[in-house]
Number of protein chains: 2
Amino acid sequence: MKRRLNLEDIGRRAGVSRSTVSRVVNADPHVRPETKKRVEAVIAETGYRPHAAARSLASNSTGVIGLVISSAVETLFDDPYFGRLILGVSGGTNEGGMTLALFLFGDQADASSIISRVVTPGLVDGVIVTATTRGNPLIDHLQGTDMPFVVVGRPDSARSTFCVDVDNRGGARAAALHLAALGRRRPALIAAPSNTNAGVDRRNGFLEGLAEAGLSVEDRVGEGDWSQGSGREAMALLLAERPDAVFVASDRMAVGALRAIREAGLDCPRDISLVSFDGLVPPDLTMPRLSSVVQPVTEVGKRAVRLLRSVIDGTSTTPEHVVFPTELAVRESCGSTLGPAAT
Amino acid sequence: MKRRLNLEDIGRRAGVSRSTVSRVVNADPHVRPETKKRVEAVIAETGYRPHAAARSLASNSTGVIGLVISSAVETLFDDPYFGRLILGVSGGTNEGGMTLALFLFGDQADASSIISRVVTPGLVDGVIVTATTRGNPLIDHLQGTDMPFVVVGRPDSARSTFCVDVDNRGGARAAALHLAALGRRRPALIAAPSNTNAGVDRRNGFLEGLAEAGLSVEDRVGEGDWSQGSGREAMALLLAERPDAVFVASDRMAVGALRAIREAGLDCPRDISLVSFDGLVPPDLTMPRLSSVVQPVTEVGKRAVRLLRSVIDGTSTTPEHVVFPTELAVRESCGSTLGPAAT
DNA sequence: ACCTCTGCTGGGAGCGCTCCCAAATATATA
DNA sequence: TATATATTTGGGAGCGCTCCCAGCAGAGGT
């Protein structure tokens with residue numbers, strides 16, 4: 001069992017000191033080219049790699065970013081949202097040569113263990129937190145520490161944190177306007193949980209758009225829990241109100257709603273025009289293809305990493321809110337090509 | 001800006017030495033109860049947390065496990081497989097109080113950077129590698145280092161590594177037998193990529209089962225790339241051969257196949273009985289609900305962590321292969337409740 | 001030839017912890 | 001009470017790196 005090589009060993013072999021090797025490894029320009037070449041040769045030949053923990057300790061920076069996702073974990077990946085977010089964050093860390101540490105809450109026991117692990121000094125340089133539900137305890141906790149963090153989504157108390165969000169409200173409003181323009185007159189809403197800020201914003205945006213168009217949902221409102229099943233149930237209930245259009249606050253729930261519509265012997269988009277939110281489900285997954293308000297999740301993740309890095313290195317000091325626009329992608333489920341529904 | 005507390009500081013406040021505090025933190029039993037109590041009081045009061053990097057350096061163990069997923073990243077989470085795997089691995093690391101580092105390959109540039117990052121000493125204690133395609137360069141590379149690793153899936157050269165796999169072959173065989181028992185006589189196969197071991201095993205298992213039942217696929221064979229679109233195309237082509245049953249090597253591709261069947265004006269399961277592999281798509285996602293061979297992905301992930309931990313701590317030294325059973329879940333798409341198809 | 005200035009290099013100190021051995025104290029045995 | 005033994009505690013050494021300052025060489029100016 002041969003010992004691991006360290007800077008000193010490489011230095012000895014190259015006839016230079018520890019410090020010089022360190023400079024070469026860190027691309028410090030103050031090294032004579034020939035010296036540098038020699039050291040690099042030894043490094044290549046020995047396969048030397050600097051020890052990450054030692055580096056972190058000495059430099060007080062780990063090169064690791066934490067992503068904390070608190071949610072009912074079992075069904076986490078049933079919704080494409082988190083996968084995409086992880087993809088974006090991973091892309092962001094990769095481009096900075098950083099490492100991504102993923103913290104997923106399972107049950108409540110994990111939660112407290114993770115909360116304390118996340119703030120352990122010397123483990124991560126900063127954290128990205130998804131603010132799925134209002135009153136996220138982790139955010140409060142982080143606020144009391146000096147661990148840099150950014151929130152994905154809109155945090156409850158807007159002013160004190162860095163965050164990256166999408167224009168939920170604007171997107172939902174656009175959906176309402178589109179449905180109205182299509183001539184639909186009995187719009188329904190399947191909202192996302194009202195204990196999430198995204199859910200609240202989408203609901204308000206939709207109602208706002210409707211109001212602008214002189215429409216209202218009246219009693220045609222249901223609420224799901226993001227799951228497909230909840231969308232189906234909500235839709236089944238709503239059917240009694242004979243809506244001619246529905247805005248479903250997430251793709252996932254929309255898939256369920258679609259099922260309920262079909263099970264009732266109705267046709268989407270002919271009988272009911274549907275627009276959902278997210279734009280994450282591959283269009284071909286459903287028949288008809290979902291028209292939905294697309295949010296750029298991957299970009300959100302990437303951007304969150306960049307923002308966090310600027311917080312870590314002190315470039316950003318005053319709370320900053322980045323909001324990405326959302327855009328309605330018209331496909332089949334809204335029935336744009338059909339013209340107004342026959343009453 | 002107050003300095004971060006260290007063991008020495010806590011010791012001073014509690015009137016004991018650095019070492020004693022360390023013992024308390026690490027639950028070493030050789031501490032007098034009252035001393036322990038006093039130290040714990042100081043820790044609680046100051047909110048002290050040991051520095052992870054310092055710990056890693058001194059103890060030569062990081063408490064971090066790496067999960068490396070090499071795949072076309074953009075579409076990674078379109079397939080529920082990886083999400084579930086991550087969930088399982090995350091559950092495994094959480095239960096050991098460990099941290100999960102996630103390495104996703106984006107493009108080829110990421111690949112080499114990640115490969116070298118993964119083997120950096122002092123970053124992770126070990127790695128879990130998904131062996132999506134044959135001849136995975138990372139596995140070869142790891143074999144040349146002393147970084148502990150376990151492979152999820154069957155590696156090419158079976159004998160030299162630790163791995164956790166599922167019984168792809170047996171599951172596919174069961175699918176064939178089931179289709180045959182249903183009275184189907186013109187079975188087709190939409191295989192997974194033959195440059196993956198899972199793809200090869202599923203194909204062989206299916207053919208084997210068919211042979212046992214005295215059937216054969218003849219020309220009714222297609223191959224997809226795991227994507228839904230590829231399943232659809234393969235099925236569309238296959239339709240010309242007038243199959244009365246099809247085994248699709250993944251749920252995802254099966255969703256595409258279902259679409260092709262419907263687009264051709266045929267009915268599944270009446271005209272074509274379909275069985276897929278994975279059991280990961282929520283049943284209600286499709287109409288009809290998919291009958292599929294279920295693989296316990298989450299358990300695989302959990303088990304991989306446990307196995308890796310035993311490799312890390314030296315408990316396991318001789319390559320060990322864990323294989324989970326797979327099980328056919330009969331739902332609607334195979335048409336079991338229909339009786340034999342009318343020719 | 002002398003001095004200065006710049007460019008490169010070496011080495012001490014220290015990051016906060018664990019490991020281990022020895023010292024100090026408490027307990028058991030004769 | 002004296003001695004042996006077990007329990008608890010303290011502190012040195014070191015993990016491998018970065019940071020910083022001092023030293024040393026060679027180039028340039030007078």
Side-chain angles (χ1 to χ4, degrees), chain A residues 1-40 42-43 46-64 119-125 146 313, chain B residues 1-40 42-43 46-64 119-125 146 313:
Chain A
M1 168 77 98
K2 62 184 192 315
R3 206 175 42 79
R4 184 202 321 299
L5 291 165
N6 61 26
L7 279 184
E8 203 85 46
D9 298 322
I10 302 300
R12 199 173 309 120
R13 297 203 194 200
V16 297
S17 77
R18 186 166 39 90
S19 306
T20 300
V21 181
S22 172
R23 289 189 188 97
V24 171
V25 168
N26 295 294
D28 183 322
H30 303 279
V31 182
R32 219 172 43 192
E34 31 192 319
T35 311
K36 184 177 169 191
K37 199 140 293 173
R38 211 171 42 208
V39 173
E40 279 172 341
V42 176
I43 290 178
T46 54
Y48 167 77
R49 310 239 67 223
H51 192 282
R55 225 179 211 201
S56 304
L57 178 58
S59 68
N60 198 31
S61 143
T62 63
V64 179
V119 299
T120 300
L123 182 58
V124 297
D125 288 339
D146 50 5
D313 69 21
Chain B
M1 169 77 100
K2 61 185 191 315
R3 209 175 38 80
R4 185 201 321 300
L5 292 165
N6 61 25
L7 280 183
E8 205 84 45
D9 297 324
I10 304 300
R12 197 172 312 121
R13 298 202 194 200
V16 297
S17 77
R18 180 168 40 91
S19 307
T20 301
V21 181
S22 171
R23 289 189 187 95
V24 171
V25 168
N26 294 293
D28 184 322
H30 302 281
V31 182
R32 218 174 43 194
E34 31 193 319
T35 310
K36 182 175 169 194
K37 197 140 295 174
R38 209 170 41 201
V39 172
E40 280 171 340
V42 175
I43 290 178
T46 56
Y48 167 77
R49 311 240 66 222
H51 192 282
R55 227 178 205 193
S56 303
L57 178 59
S59 67
N60 199 30
S61 141
T62 64
V64 179
V119 299
T120 299
L123 183 59
V124 298
D125 288 339
D146 50 4
D313 68 22

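Letters A, B, ... are given to chains in the order of the sequence lines, protein chains preceding strands, and every chain is numbered from 1.
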Given atom [atom1] of [X] and atom [atom2] of [N], what is their separation to the nearest angstrom?
X	N	atom1	atom2	value
A:Asp28	D:dC17	CG	P	16 Å
B:Arg4	C:dC17	CZ	C1'	13 Å
A:Arg12	D:dG16	CZ	C1'	13 Å
A:Asn26	D:dC19	CG	C1'	11 Å
B:Leu123	D:dC17	CG	P	14 Å
A:Arg55	D:dC19	CZ	P	10 Å
B:Arg23	D:dT8	CZ	C1'	8 Å
A:Leu57	C:dC17	CG	C1'	8 Å

Between [X] and [N], is there a contact of a side-chain N or O with OP1 or OP2 at under 4.0 Å?
X	N	answer
A:Tyr48	D:dG16	no
A:Asn6	D:dC15	no
B:Asn60	C:dT18	no
A:Thr35	C:dT9	yes
B:Thr20	D:dT8	no
A:Ser22	D:dT18	yes
B:Arg32	D:dT7	no

Report the residue (A:Glu8 or A:Pro29) whose heavy-atom-nearest nucleotide on DNA chain C is the more 5′ of the two.
->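 The residue whose closest nucleotide sits nearer the 5' end is A:Pro29.
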Per [X] side chain, nearest of listed nucleotides [options]:
X	options	result
B:Ala58	C:dC19, C:dG16, D:dG16	C:dG16
A:Val16	C:dC21, C:dC17, C:dG10	C:dG10
A:His30	C:dC17, C:dT9, C:dG16	C:dT9

Just checking A:Pro50: base, sugar-phosphate only, or nothing, at a heavy-atom cut-off of under 4.0 Å?
->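 Contact class for A:Pro50: sugar-phosphate only.
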For B:His51, report the nucleic acid contact type (base, sugar-phosphate, nothing); a contact means any heavy atom under 4.0 Å.
->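 Touches sugar-phosphate only.
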Taking all atoms of both residues into account, what is the closest heavy-atom pair of [X] and [Y], and its distance?
X	Y	answer
A:Val24	A:Lys36	CG2-CA, 4.1 Å
A:Gly122	B:Ala52	O-CB, 3.5 Å
A:Asp9	A:Arg4	OD2-O, 3.8 Å

Position toward the 5' end of DNA chain D (nearest nucleotide), B:Ala54 or B:Arg38 =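 That would be B:Arg38.
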Classify the side chain of A:Arg18 and the base of D:dT18 as holding, or not holding, a donor-acceptor pair under 3.5 Å.
->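 Check passes, donor-acceptor contact within cut-off.
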Can you find an N or O donor on one side and an acceptor on the other, under 3.5 Å apart, linking the side chain of B:Ser17 with the base of D:dG11?
->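 Under the 3.5 Å cut-off, the side chain and the base do not form any donor-acceptor pair.
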Let me know which of A:Arg23, A:Glu8, A:Arg12 forms a side-chain contact (heavy atoms from CB on, under 4.5 Å) with A:Arg18.
->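 In the set A:Arg23, A:Glu8, A:Arg12, the residue that makes a side-chain contact (heavy atoms from CB on, under 4.5 Å) with A:Arg18 is A:Glu8.
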Is the side chain of A:Thr35 donor-acceptor paired with the backbone N or O of A:Val31 at a distance under 3.5 Å, no angle test?
->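 Answer holds: no.
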Count the heavy atoms of every other residue, nucleotide or ligand shown that sit under 6.0 Å from CZ of B:Arg49, and state whether that count exceeds 12.
->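 Correct, the count exceeds 12.
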